[in-house]
A.B. asks: 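Sharing a structure with you now.
Numbers here are sequence positions counted from 1.
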Amino acid sequence: QVQLAESGGGLVQAGGSLRLSCAASGSMFSINDMGWYRQAPGKQRELVAIITRGGITNYLDSVKGRFAISRDNAKKTVYLQMNSLKPDDTAVYSCNGHYKPTWYSQRELEVWGQGTLVTVSS
């Protein structure tokens with residue numbers, strides 16, 4: 001069974017930085033698009049950043065220039081470097097991945113991490 005394990009959340013003051021990590025484990029042929037989502041209290045979940053296996057990235061407008069997503073394919077790990085954090089960034093951040101179980105799989109499956117809480121104080 002494929003699992004994603006996040007780490008790196010915590011409490012930080014506004015203007016500070018945090019780095020989130022998400023490592024995939026389990027049996028899979030490949031893990032392709034990986035992304036970070038967040039959900040603040042009383043709000044819908046939103047896509048923060050996504051990265052393809054080849055390194056193409058896309059960001060939520062409100063984090064452009066402050067957050068950077070990257071990945072290490074050999075380690076099956078994706079990172080989210082968050083700088084200039086604002087109280088509005090406070091949320092549970094969850095990692096998401098799309099993977100192929102085997103080389104002959106016709107479609108990708110989706111897996112989610114349990115989430116890590118990021119709290120930004122003013």
A.B. asks: Output yes when Asp89 and Lys86 qualify as a salt bridge under the 4.0 Å nitrogen-oxygen rule, no when they do not.
C.D. replies: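 Here Asp89 does not pair with Lys86 in a salt bridge, since their nearest N and O are not under 4.0 Å apart.
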A.B. asks: Would you say that Arg66 contacts Ser84 through its side chain, given a criterion of any heavy-atom pair below 4.5 Å between the two side chains?
C.D. replies: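 Side-chain contact under 4.5 Å: yes.
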A.B. asks: For Ile50, which residues count as a side chain to side chain contact (heavy atoms under 4.5 Å, CB included) partner, sequence neighbours excluded?
C.D. replies: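 With neighbours one apart ignored, the set is Asp33, Leu47, Asn58.
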A.B. asks: If you define the side chain from C-beta out and look only at heavy atoms, does anything of Val120 sit under 4.5 Å from Gln13?
C.D. replies: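 With C-beta onward as the side chain, the pair stays apart.
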A.B. asks: Might you point out which heavy atoms bring Ile31 and Met34 nearest each other, and give the distance in Å?
C.D. replies: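 Scanning both residues, the minimum pair turns out to be CD1-CE, 3.8 Å.
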A.B. asks: Please check if the distance between the ring centroids of Trp112 and Tyr37 is under 6.0 Å.
C.D. replies: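 For Trp112 and Tyr37, the ring centres are under 6.0 Å apart.
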A.B. asks: What is the minimum heavy-atom distance between Ala68 and Tyr59, and which atoms define it?
C.D. replies: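 The pair with the smallest heavy-atom distance is CA-OH, 3.3 Å.
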A.B. asks: As a quick check of understanding, evaluate side-chain contact (heavy atoms from CB on, under 4.5 Å) for Val63 and Arg38, giving each step before the final call.
C.D. replies: CA-CA 12 Å; Val63 308; Arg38 69 185 182 187; 4.0 Å; yes
A.B. asks: Does a side-chain heavy-atom distance below 4.5 Å link Thr116 with Val92?
C.D. replies: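 In short, these two side chains do not touch, never coming nearer than 4.5 Å.
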A.B. asks: Main chain of Phe67, side chain of Asn83: is a donor-acceptor contact present, judged purely on distance under 3.5 Å?
C.D. replies: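 Looks like no, no N/O pair under 3.5 Å.
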A.B. asks: Taking all atoms of both residues into account, what is the closest heavy-atom pair of Leu4 and Ala24, and its distance?
C.D. replies: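 Minimum heavy-atom separation between Leu4 and Ala24: CD2-CB, 3.5 Å.
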A.B. asks: Walk me through it: do Leu109 and Val2 pass the test side-chain contact (heavy atoms from CB on, under 4.5 Å)?
C.D. replies: CA-CA 10 Å; Leu109 301 180; Val2 175; over 6 Å; no
A.B. asks: Considering residues at least two apart in sequence or located in another chain, which fulfil the side chain to side chain contact (heavy atoms under 4.5 Å, CB included) criterion with Thr102?
C.D. replies: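 Result, side chain to side chain contact (heavy atoms under 4.5 Å, CB included) vs Thr102: Tyr104, Ser105.
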A.B. asks: State which residue, out of Ile51, Val78, Asn96, fulfils the side chain to side chain contact (heavy atoms under 4.5 Å, CB included) condition with Trp36.
C.D. replies: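 By the side chain to side chain contact (heavy atoms under 4.5 Å, CB included) criterion, Trp36 pairs with just one of Ile51, Val78, Asn96: Val78.
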A.B. asks: Please report the C-alpha distance between Glu6 and Leu20 in whole Å, then the side-chain angles of each, then the deciding distance to 0.1 Å, and finally whether the side-chain contact (heavy atoms from CB on, under 4.5 Å) criterion is met.
C.D. replies: CA-CA 7 Å; Glu6 301 113 331; Leu20 306 182; over 6 Å; no
A.B. asks: Got more than 12 heavy atoms from elsewhere within 6.0 Å of CD, Gln1?
C.D. replies: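 It does not: Gln1 CD has 12 such atoms or fewer within range.
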A.B. asks: Surrounding CD of Gln39 (heavy atoms of other residues, nucleotides or ligands, distance under 6.0 Å), is the total greater than 12?
C.D. replies: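 Yes - once you tally the heavy atoms of other residues, nucleotides and ligands closer than 6.0 Å, there are more than 12.
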A.B. asks: Please report the shortest heavy-atom distance between Ser17 and Gln81, naming the atom on each side.
C.D. replies: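 Looking at all heavy atoms of both residues, the closest pair is CB-NE2, 4.0 Å.
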A.B. asks: Any side-chain heavy atom of Asn32 sitting closer than 4.5 Å to one from Tyr99?
C.D. replies: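 Counting from C-beta outward, Asn32 and Tyr99 never come under 4.5 Å.
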A.B. asks: So which heavy atom on Leu18 is nearest to which on Gly8, and how close?
C.D. replies: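 Minimum heavy-atom separation between Leu18 and Gly8: CD2-O, 3.8 Å.
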A.B. asks: Please determine if Arg71 forms a cation-pi arrangement with Tyr79, meaning its NZ or CZ atom is less than 6.0 Å from the six-membered ring centre and no more than 45° off the ring axis.
C.D. replies: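 Ring-cation test returns no.
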A.B. asks: Is a side-chain N or O of Gln3 found less than 3.5 angstrom from the main chain of Gly113, in a donor-acceptor match?
C.D. replies: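 Not a single qualifying donor-acceptor pair exists.
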A.B. asks: Do you know which two heavy atoms are closest between Leu11 and Ser121, and how far apart they sit?
C.D. replies: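 The answer is CD1-CB, 4.3 Å.
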A.B. asks: Does any part of the side chain of Met28, heavy atoms only, come nearer than 4.5 Å to the side chain of Lys76, both counted from C-beta?
C.D. replies: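 Yes. Closest side-chain heavy atoms under 4.5 Å.
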A.B. asks: Would you find a donor on one side and an acceptor on the other, under 3.5 Å apart, between the side chain of Glu108 and the backbone of His98?
C.D. replies: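 No, Glu108 side chain to His98 backbone: no donor-acceptor pair under 3.5 Å.
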A.B. asks: For Leu85 and Thr90: C-alpha separation, side-chain torsions, deciding distance, then whether side-chain contact (heavy atoms from CB on, under 4.5 Å) applies.
C.D. replies: CA-CA 9 Å; Leu85 282 160; Thr90 295; over 6 Å; no
A.B. asks: Out of curiosity, Thr52 OG1 to Ile69 CD1, how far, rounded to the nearest 0.5 Å?
C.D. replies: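 So the OG1 of Thr52 and the CD1 of Ile69 are separated by 9.5 Å.
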